[in-house]
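To start, the structure itself, in structure tokens.
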2 protein chains.
Amino acid sequence: MDGNKVKNMEEFAMLSGISRPTLSKYFHDSESVRTSTRDRIEKALAEHDYRPNIYAMNQNRRTTNNIGIVVPFLADPFFAEIARNLEQRCIAAGYSPILFSAHGDAALEVEILDSLRSQKPAGVLLAPLGRASDRGHIEKFTAEIPTVLFDSRLPDMGTAFVGMDNTQSMQMLVNYLCETGSPPNFFEMRVAVNPNVNRRRAAYVSAMEALGHMPEIVQVDGEGWEFEDIGLQGGLTAFATGRFTSNTVLCSNDRLAIGLLSAAYRSHLTVGQGEHHDFRIAGHDDHPFSRFTCPALTTVSQDYASMSDKSLEILFEVINSEHRTEIGSDCLFDGILISRASA
Amino acid sequence: MDGNKVKNMEEFAMLSGISRPTLSKYFHDSESVRTSTRDRIEKALAEHDYRPNIYAMNQNRRTTNNIGIVVPFLADPFFAEIARNLEQRCIAAGYSPILFSAHGDAALEVEILDSLRSQKPAGVLLAPLGRASDRGHIEKFTAEIPTVLFDSRLPDMGTAFVGMDNTQSMQMLVNYLCETGSPPNFFEMRVAVNPNVNRRRAAYVSAMEALGHMPEIVQVDGEGWEFEDIGLQGGLTAFATGRFTSNTVLCSNDRLAIGLLSAAYRSHLTVGQGEHHDFRIAGHDDHPFSRFTCPALTTVSQDYASMSDKSLEILFEVINSEHRTEIGSDCLFDGILISRASA
DNA sequence: AAAATAAGTTGACGCGCGTAAAGTTTCTCA
DNA sequence: TGAGAAACTTTACGCGCGTCAACTTATTTT
């Protein structure tokens, strides 16, 4: 690698002794040229500092090899972890991931999709904000660009979706909690951020009823994505005013549960299994921090790896299918019960 | 906005009655055209669906209006939070942020910088991996592209840096802990991931010595970025084998402290201030989750907002200065003591 | 070894936009 | 009001690469 930078493909063609169209083919798909040719190119590449101009490359292509990844809130470690999985798999598959976070802001989500569209990505993995999302805008986007929704399913959106089976997971949690102690109350935010929340509540209710127990839902106020804080504040007043009718509380998600654990601690209530504890608390999602709470949080885990794999598998399928309509296939994963000390 | 999409600027020039060069000027800087012209353009923009082809736009420009943001590990909420701050400020300043995470992998960090270079960004905000980073590569990169390092300072790198004053913050913590109870042990990972770690240890030692106390450092094994787990595992054995010579432990960062809190809980040791608790534990960074641990974690906060502002301010300065050499200005922020229940 | 096929070369054109030069219109201010 | 300045239009070229057509060379097949 001599320091002199090669200006363009023309010049690199001279230096390498390979014609420009062949180089163009190589850079688009290195497997598409003969082995001997590939070796010659890669030898020249090692000797000279040349990288194709990505802007010129993409200008005339109808689609690039970029894959957009859009999450609603990246400061949530849950999404950070999913994004990490997806990114690494995209790279492994030869694509360039571009990561976006809507930061909980619907207007920003729209802007992201707009700017994404003009980047002509091969495909997009989109975890929508949910309730706040501009439904029409997203629908228009998905009609234009191969998209797989994940985590949060938007109703009546005819696109592929990968997520977890909230009904199954909540039922499993309820059953577990009922078997090992008192039937749980359900703890959630009053305003549902996304459809998952509604599905989880419904699953809680029906699972309780199936066991002959009375469902009991405790809703707390709070807007936005600061779930831990909402869980903490709501939990403090709930404990103080005795709103829980059971010593077992099932939270809509782990972040609320983390807040609620904190509220319990501050209310001098102990959490854990067995007679000598005041409450049992369980969550949902296997948030990366749930292992480290005090006590460690009982929850349901999503298999990040499998879900990422499946999302990309479906996306590639959509990308490669000419008739890119009506791939409204849903793929739901079962959760796995993670039994820890808190319940 | 009629549905028909406008193919290119030429066509939009026809439709809007504005010449293409003027449109070009407008899209590069909307302030650079007369108000009356701007109004006409924006009226046409509202009526027709046109967005310039970003690839064609950037192909001939020496630099784009993209700003790269590179963090070492995005699944760490600390970096997620910083990235969020930086992103929003970039957008507000009219730039397009592009976010990358090295996922703790030095090879990936190099790849990111390479691909970033070919994207011709106006500037880059880089929080390097630290110890693992390919120093030479980063230095070459910063020589070529306006870069501001943040969070982790690489030694002998002549680029602007924004971070916190670890010496000040550790000294403050040590003083606080000594005033309110026993002098602390220092809890850290054996292998230092970045220079901050070394600086914090040194600051601990000198602060202790200044107060006439014997520094006592407890190091735990573990590689990678799973700090909580390392803190937990190391903490369990440290408690079991009685390695702490004081009932007060100052952790190198909050994530280790979160692990150590968990270890204490599992070891049936209570954490908090006062006689009736077994240990006091403090951290460093004001990690987004520190407010919610049980007990809430005493720590030092970094002012995310101010640091983000300053980083971008310096970056813009570097971008706009012709002689882009020797802006080796360091900007260190004082930490603020966040006194919570754990110490 | 000849024929068929795959891969590479040469030459040329186009993409959508940046940008420069020269001429024209509009604005600003004495 | 009448200059001079500022903004705009017209025309034209170039950027770096994708891609097509026609031809040549290397490899595989029978």
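Numbered from 1 within each chain, the chains take letters A, B, ... in sequence-line order.
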In whole angstrom, give the distance that lies between atom [atom1] of [X] and atom [atom2] of [N].
X	N	atom1	atom2	result
B:M14	D:dT9	CE	C1'	13 Å
A:D29	D:dG18	CG	C1'	15 Å
B:R38	D:dA7	CZ	P	11 Å
A:D39	C:dA7	CG	P	15 Å

#### Entry: Basic-acidic side-chain contact under 4.0 Å: A:K5, B:E144
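Counted as a salt bridge, because a side-chain N and a carboxylate O are separated by less than 4.0 Å.
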
#### Entry: Salt-bridge contact B:R84-B:E81 (side-chain N to carboxylate O under 4.0 Å)
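Yes, this pair counts.
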
### Query
Can you name the salt bridge (charged side-chain N to carboxylate O under 4.0 Å, His left out) partners of A:R131, sequence neighbours left out?
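Expected list: A:E223.
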
#### Entry: Contacts of A:R20 that satisfy salt bridge (charged side-chain N to carboxylate O under 4.0 Å, His left out) - sequence neighbours left out
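Only A:E10 meet the salt bridge (charged side-chain N to carboxylate O under 4.0 Å, His left out) criterion with A:R20.
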
### Task
Taking only the side-chain nitrogens and oxygens of B:S19, find out if one of them lies under 4.0 Å from OP1 or OP2 of D:dT10.
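The answer is no; no side-chain N or O of B:S19 sits under 4.0 Å from OP1 or OP2.
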
### Message
Is the phosphate of C:dT9 approached by A:T22 (side-chain N or O, under 4.0 Å from OP1 or OP2)?
### Response
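So the side chain of A:T22 is within the cut-off, an N or O lying under 4.0 Å from OP1 or OP2 of C:dT9.
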
### Query
Which heavy-atom pair separates B:D151 from B:A127 by the least distance, and what is that distance?
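For B:D151 versus B:A127, the nearest heavy atoms are CB-CB, 4.2 Å.
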
### Message
Which residues pass the side-chain contact (heavy atoms from CB on, under 4.5 Å) test with A:R51, not counting sequence neighbours?
### Response
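Residues passing side-chain contact (heavy atoms from CB on, under 4.5 Å) with A:R51: B:D114.
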
### Task
Please identify each residue that fulfils side-chain contact (heavy atoms from CB on, under 4.5 Å) with A:S16, with sequence neighbours left out.
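Result, side-chain contact (heavy atoms from CB on, under 4.5 Å) vs A:S16: A:F12, A:I18, A:L23, A:A44.
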
### B:R34 side-chain proximity, nearest of D:dT10, C:dG8, C:dC27
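For B:R34, the side-chain atoms sit closest to C:dC27.
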
### Message
Are B:F333 and B:Y304, when compared by the centres of their aromatic rings, separated by less than 6.0 Å?
### Response
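Between B:F333 and B:Y304, the centre distance exceeds or equals 6.0 Å.
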
### Summary
Protein-proximity profile, nucleotides 11-21 of chain C, B/S/- by nucleotide at the 4.0 Å heavy-atom cutoff, equals BB-BBBBBBB-

### Query
Is a side-chain donor-acceptor pair under 3.5 Å present for A:Q119 with A:T64?
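A:Q119 and A:T64 do not have a side-chain donor-acceptor pair below 3.5 Å.
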
### Task
Would you indicate what B:S36 reaches in the nucleic acid, counting non-hydrogen atoms under 4.0 angstrom: base, sugar-phosphate, or nothing?
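No contact at all - B:S36 keeps every heavy atom at 4.0 Å or more from the nucleic acid.
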
Quick one: which protein N/O atoms are closer than 3.5 Å to N/O atoms of nucleotides 2-4 of chain D? Pair and distance per line, please.
none

